[in-house]
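Not measured: the values here are computed from a predicted model.
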Amino acid sequence: EQFVMKVLYNWLKEFVPLEISPKETAAALARLGFEIAHVQEFGGAISGVVTAEVKTCAKHPNADRLSLCTVWDGGKEYTVVCGAPNVKAGLKVAFARVGAVLPSGETLRAAKIRGTDSQGMICSAEELGLESSSGGILDLPGDTPLGADIRPFVGLDDALIEIEVTPNRRDVLGILGVARELAAGL
């Protein structure tokens, strides 16, 4: 009978100074004789989504439930049409620039919404794959720096490594045991 040990990559990094990716870490464990059941990277294919600030927010001139916002990513301002009820000036948000890839695999394109160009999207937790449904945009802490990759701020820069452990290796049914084996093997 085999047991499955689930290890978070970032937690493992607290014990072993890893400078390799989650997939490379799993490969190193496989070389050490462990069977890797699965590696799930939380961020997936997400790219081009950064931290930004909503500078201005006004009612869209051609729609009741939409807002016309100016978003600043620390380097450039963008005009964005947003339908979230909780959007307002001063919020730090997750902003998908044109060309960004979302967790669904969709590449974001510029759009014209109700006659107004939208140069990106202010993301909700649902759009980032963090929740199954959300009622508005993701509101980040006020001290969040601008223009940074969103993944570390929302926990998407981690991975889950599932290791199949045989009964004779009870020493690796804990994070310290896995870290010890990995440190010795590297």
Side-chain angles (χ1 to χ4, degrees), residues 8-13 18-27 38-161:
L8 286 172
Y9 173 74
N10 283 343
W11 193 17
L12 199 54
K13 284 175 55 175
L18 296 173
E19 294 185 9
I20 56 178
S21 72
K23 287 190 189 286
E24 292 169 324
T25 301
H38 185 65
V39 178
Q40 176 190 357
E41 294 194 44
F42 297 142
I46 192 171
S47 68
V49 181
V50 297
T51 55
E53 181 177 359
V54 178
K55 288 301 221 181
T56 64
C57 183
K59 187 176 173 302
H60 191 289
N62 301 325
D64 290 338
R65 294 186 185 162
L66 297 177
S67 299
L68 189 56
C69 303
T70 304
V71 177
W72 170 253
D73 69 358
K76 186 177 175 190
E77 278 191 357
Y78 302 86
T79 302
V80 179
V81 176
C82 182
N86 63 330
V87 67
K88 62 184 178 189
L91 286 183
K92 297 282 180 84
V93 296
F95 176 63
R97 298 173 177 146
V98 172
V101 178
L102 299 176
S104 64
E106 173 190 357
T107 301
L108 193 70
R109 293 190 286 268
K112 191 170 219 136
I113 301 171
R114 296 283 179 117
T116 305
D117 288 332
S118 187
Q119 303 168 324
M121 179 174 71
I122 302 171
C123 300
S124 68
E126 180 181 357
E127 289 158 339
L128 293 175
L130 299 171
E131 296 176 2
S132 57
S133 67
S134 54
I137 60 170
L138 185 63
D139 183 7
L140 299 172
D143 61 350
T144 303
L146 300 178
D149 185 346
I150 194 66
R151 289 181 296 181
F153 295 97
V154 294
L156 291 176
D157 64 335
D158 207 349
L160 181 70
I161 303 171

Roughly how far, to the nearest 0.5 Å, is the OG atom of Ser118 from the CG atom of Leu68? 8.5 Å
So which atom in Leu146 and which in Ala52 form the shortest heavy-atom distance, rounded to 0.1 Å? CD2-C, 3.6 Å
Polar side-chain atom of Thr51 near backbone of Ile150 as donor-acceptor pair, under 3.5 Å: no
Nearest heavy-atom approach of Ala148 to Phe153 is CB-CE1, 3.6 Å
Once rounded to the nearest 0.5 Å, what's the spacing between atom CD1 of Ile122 and atom CZ of Phe95? 7.0 Å
When the side chains of residues 77-91 are checked against the rest of the protein, which donor-acceptor pairs come out under 3.5 Å, sequence neighbours left out?
{"unit_1": "Tyr78", "atom_1": "OH", "unit_2": "Asp73", "atom_2": "OD2", "d": "3.1"}
{"unit_1": "Asn86", "atom_1": "OD1", "unit_2": "Ile137", "atom_2": "N", "d": "2.9"}
{"unit_1": "Asn86", "atom_1": "ND2", "unit_2": "Ile137", "atom_2": "O", "d": "3.1"}

Measuring from atom CG of Asp157 to atom CZ of Phe42, what distance do you get when rounded to the nearest 0.5 angstrom? 10.0 Å
Any residue meeting salt bridge (charged side-chain N to carboxylate O under 4.0 Å, His left out) with Lys59, in chain and number order, not counting sequence neighbours: Asp64
Let me confirm one number: the NZ-CH2 distance from Lys92 to Trp72, rounded to the nearest 0.5 Å. 12.5 Å
What distance separates Arg151 CZ from Glu41 CD, expressed to the nearest 0.5 Å? 9.0 Å
Criterion side-chain contact (heavy atoms from CB on, under 4.5 Å) on Leu8 and Asn10, from CA distance to verdict: CA-CA 6 Å; Leu8 286 172; Asn10 283 343; 5.6 Å; no
Once rounded to the nearest 0.5 Å, what's the spacing between atom CD of Glu53 and atom SG of Cys69? 12.0 Å
